[in-house]
A.B. asks: 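Take a look at the following structure, please.
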Amino acid sequence: MLTTDSMSLLWLTYLGLSLVILVTGYLGLAFLPRLLRLPLTWAVAGILWVPTRFRLPLVEEDEFYTGMAPAVVVATVAFLERNATAMMSSALLVVAGAGLGIAVGLLQWWMLRPTDDEMHIDDDDNNGRDGRDGGQSREPRERREPMIG
């Protein structure tokens, strides 16, 4: 059952929090063009979502706990413990996840980019433009000076 198994609940919580981080990060990068925003967001998603196996020694001799965890967490713990072998394998997975995320982001940008047909504005559709909605009016308006007195 989902609520009684702590590992599945832990993974669902991690997934939910990482989605919150990704959405707020994407919205926070609104000042960047889409070409940079999408690959950067997907690179962070790749870093957060790549899982790897880990192995921890238990209190008793010759017993180990093995499980799955996000590769960035395993790499961080291995760095803090100065475990070079665990850090190297998980750090390579983190880099691979970031590279895959950048590729997905570039592919998404390429699929969502406007085509030439969408960027072309047909003159027949703009007959009623008077410049109030940000577009240029067809005829320049005559300048009117205010009358005093």
Side-chain angles (χ1 to χ4, degrees), residues 1-138 140-141:
M1 181 124 198
L2 183 63
T3 58
T4 59
D5 188 9
S6 63
M7 286 307 291
S8 61
L9 192 58
L10 180 67
W11 275 103
L12 280 175
T13 304
Y14 182 79
L15 179 67
L17 288 175
S18 67
L19 284 174
V20 168
I21 289 169
L22 289 173
V23 169
T24 56
Y26 180 80
L27 294 175
L29 295 174
F31 63 93
L32 291 176
R34 190 180 288 175
L35 175 61
L36 295 174
R37 195 175 356 149
L38 285 172
L40 187 61
T41 304
W42 278 104
V44 172
I47 289 170
L48 290 176
W49 290 342
V50 172
T52 188
R53 289 201 168 277
F54 69 93
R55 183 176 162 186
L56 291 175
L58 295 176
V59 176
E60 288 98 25
E61 304 233 350
D62 298 331
E63 289 189 29
F64 294 95
Y65 176 77
T66 58
M68 296 284 287
V72 68
V73 174
V74 174
T76 304
V77 170
F79 174 75
L80 293 174
E81 290 181 346
R82 300 191 194 287
N83 186 352
T85 57
M87 185 178 154
M88 183 58 85
S89 63
S90 58
L92 286 175
L93 282 172
V94 168
V95 170
L100 182 65
I102 289 172
V104 169
L106 288 173
L107 179 68
Q108 187 179 16
W109 168 79
W110 187 74
M111 300 277 289
L112 295 176
R113 77 185 193 290
T115 61
D116 291 336
D117 295 337
E118 293 171 353
M119 292 176 63
H120 178 66
I121 298 173
D122 194 14
D123 288 336
D124 295 337
D125 294 338
N126 298 325
N127 288 338
R129 288 196 116 158
D130 59 356
R132 288 188 203 143
D133 59 352
Q136 294 291 329
S137 63
R138 292 187 174 260
R141 287 190 169 180

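These numbers were taken from a predicted model, which means no experiment stands behind them. Worth knowing before you read on, the calculation uses all heavy atoms, side chains too, and leaves out hydrogens, waters and symmetry mates.
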A.B. asks: Please walk me through it: do Leu106 and Val104 pass side-chain contact (heavy atoms from CB on, under 4.5 Å)?
C.D. replies: CA-CA 6 Å; Leu106 288 173; Val104 169; over 6 Å; no
A.B. asks: So do the side chains of Thr85 and Asn83 get within less than 4.5 Å of each other, counting heavy atoms only?
C.D. replies: yes
A.B. asks: Please lay out, stage by stage, how Val94 and Val50 fare under the test side-chain contact (heavy atoms from CB on, under 4.5 Å).
C.D. replies: CA-CA 7 Å; Val94 168; Val50 172; over 6 Å; no
A.B. asks: Taking all heavy atoms of Gln108 and all of Leu38, pick out the closest pair and write down the distance.
C.D. replies: OE1-CD2, 3.6 Å
A.B. asks: Given Leu27, which of Val23, Leu29, Thr24 fulfils the side chain to side chain contact (heavy atoms under 4.5 Å, CB included) condition?
C.D. replies: Val23
A.B. asks: Over all heavy atoms of both residues, which pair between Trp42 and Gly105 is shortest? Give the atoms and the distance, please.
C.D. replies: CD1-CA, 3.6 Å
A.B. asks: Mind listing the closest non-hydrogen atom pair of Thr52 and Ala71 along with its distance?
C.D. replies: CG2-CA, 3.6 Å
A.B. asks: For Val72 and Thr76, which heavy atoms make the closest approach, and how far apart are they?
C.D. replies: O-OG1, 2.7 Å
A.B. asks: Can you give me the closest heavy-atom contact between Ala98 and Ile47, atom names plus distance?
C.D. replies: CB-CG1, 3.7 Å
A.B. asks: List the steps, then state whether side-chain contact (heavy atoms from CB on, under 4.5 Å) holds for Leu15 with Trp49.
C.D. replies: CA-CA 8 Å; Leu15 179 67; Trp49 290 342; 4.0 Å; yes
A.B. asks: How about Phe54 and Met68: do any of their side-chain heavy atoms sit closer than 4.5 Å?
C.D. replies: no
A.B. asks: Quick check with a 6.0 Å cut-off and a 45 degree axis cone: is Arg55 positioned over the face of Tyr65's six-membered ring?
C.D. replies: no
A.B. asks: Which heavy atom of Val74 sits nearest a heavy atom of Ala69, and at what distance?
C.D. replies: CG2-CB, 3.8 Å
A.B. asks: First locate atom CD1 of Ile102, then atom CG of Leu107, and finally report the distance between them rounded to the nearest 0.5 Å.
C.D. replies: 13.5 Å
A.B. asks: Run the numbers on Leu48 and Tyr14 for side-chain contact (heavy atoms from CB on, under 4.5 Å), then give the verdict.
C.D. replies: CA-CA 9 Å; Leu48 290 176; Tyr14 182 79; 3.7 Å; yes
A.B. asks: Measuring from atom CE of Met87 to atom CD of Glu81, what distance do you get when rounded to the nearest 0.5 angstrom?
C.D. replies: 12.0 Å
A.B. asks: Between atom CH2 of Trp11 and atom OG1 of Thr13, what is the distance when rounded to the nearest 0.5 Å?
C.D. replies: 11.5 Å
